[in-house]
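Below is one structure, written out as structure tokens; the observations come after it.
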Amino acid sequence: NAGVTQTPKFQVLKTGQSMTLQCAQDMNHNSMYWYRQDPGMGLRLIYYSASEGTTDKGEVPNGYNVSRLNKREFSLRLESAAPSQTSVYFCASSKTGKGSNQPQHFGDGTRLSIL
Amino acid sequence: QQQVKQSPQSLIVQKGGISIINCAYENTAFDYFPWYQQFPGKGPALLIAIRPDVSEKKEGRFTISFNKSAKQFSLHIMDSQPGDSATYFCAADYTGGFKTIFGAGTRLFVKA
């Protein structure tokens, strides 16, 4: 049981390049999330998808786009990378639905450096 | 009002000692408070969680204490071990919500 799988694990980009981070979960979860983790700032939500077919902005959506390709897959795209987007990106999923709380299950992250 | 404030930023504890991490929140709509543990190079993983209808929850060496009136909650790690060395995040969420709010994290180092 793989859980949440993120690819790639590491990436170096030049300013202005574009890139898509991939995420897939095999737990049949409804909700999926993209976070960025920066030192001293915890985890900040970029975008989330409450269920297949829906996406919504989180706390720091500027400069990013997302696609919920199907129930399993949720991708994050940087259209024109900037040095401020250097971070560790985590994808997560949960069984959350209205009226319930379920913990989030995280992938092991993508470490992205933008020069 | 959406913030969760976590302290300390870092903590060094001797093996066998008690590690204590504190968090405070503002939004009284929060009704689910998980703690996550993160090892270097890995994603966070759920450690223990509590709802505000109880004042304490214990799982093995890990205990959450919850003070609803003060809007504070804390994680206690008893008999801390070097293997507990990790970053710990408190978080807050509410029923039907999709925007879990995370604290800034505490880096715990347990000295052997």
Side-chain angles (χ1 to χ4, degrees), chain A residues 2-7 9-10 21 23 25 27 29-51 54-61 66 68 74 88-111, chain B residues 1-11 21-25 27 29-54 57 59 62 64 66 86-107:
Chain A
V4 178
T5 302
Q6 291 184 237
T7 54
K9 295 189 185 305
F10 303 92
L21 308 186
C23 175
Q25 53 92 7
M27 295 173 283
H29 284 169
N30 297 319
S31 304
M32 298 186 73
Y33 311 82
W34 276 105
Y35 293 91
R36 60 179 289 173
Q37 183 177 23
D38 302 292
M41 302 190 75
L43 291 152
R44 292 184 293 168
L45 184 65
I46 305 171
Y47 270 92
Y48 69 98
S49 172
S51 60
T54 69
T55 60
D56 283 286
K57 294 178 181 179
E59 182 184 355
V60 288
V66 291
R68 182 75 183 265
F74 188 39
V88 182
Y89 291 85
F90 288 99
C91 176
S93 70
S94 71
K95 200 176 177 181
T96 305
K98 284 206 176 290
S100 68
N101 296 105
Q102 296 290 333
Q104 296 187 20
H105 299 254
F106 287 82
D108 284 339
T110 294
R111 283 142 187 87
Chain B
Q1 196 178 20
Q2 285 291 89
Q3 280 188 321
V4 175
K5 295 182 179 179
Q6 182 171 348
S7 63
Q9 279 189 316
S10 61
L11 182 61
I21 303 170
N22 300 300
C23 287
Y25 65 98
N27 190 344
F30 291 139
D31 61 1
Y32 178 64
F33 299 89
W35 284 87
Y36 289 84
Q37 179 187 53
Q38 182 182 29
F39 293 106
K42 297 293 186 181
L46 179 71
L47 182 64
I48 185 172
I50 196 169
R51 297 188 186 277
D53 53 346
V54 297
K57 184 174 182 179
E59 290 185 1
F62 300 90
I64 302 177
F66 191 88
T87 299
Y88 293 81
F89 293 96
C90 63
D93 202 344
Y94 59 95
T95 301
F98 297 96
K99 295 183 181 180
T100 301
I101 307 299
F102 288 85
T106 297
R107 294 185 69 176

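Note on naming: letters A, B, ... go to the chains in the order of the sequence lines (proteins, then strands), and numbering restarts at 1 for each one.
Note on ring orientation: taking the six-membered ring where Trp is involved, the planes of B/Phe62 and B/Tyr88 are tilted (angle from 30° to 60°).
Note: A/Gln37 leads A/His105, A/Gln37, A/Met41, A/Arg44 in heavy-atom pairs under 4.5 Å with chain B. In terms of heavy-atom pairs under 4.5 angstrom with chain A, the leader among B/Pro34, B/Gly103, B/Ala45, B/Gly41 is B/Gly41.
Separating the OH atom in B/Tyr36 from the CG atom in A/Leu43 is a distance of 9.5 Å, to the nearest 0.5 Å.
Residues passing the salt bridge (charged side-chain N to carboxylate O under 4.0 Å, His left out) test with B/Asp31: none are found, sequence neighbours excluded. Taking B/Phe66 as the reference, B/Phe33 meet the ring pair (Phe, Tyr, Trp, His ring centres under 6.0 Å) condition, with sequence neighbours excluded.
For B/Gln38, the part lying under 4.5 angstrom from a heavy atom of chain A is the side chain only. Proximity to chain A involves both the backbone and the side chain of B/Pro44, based on heavy atoms less than 4.5 angstrom apart.
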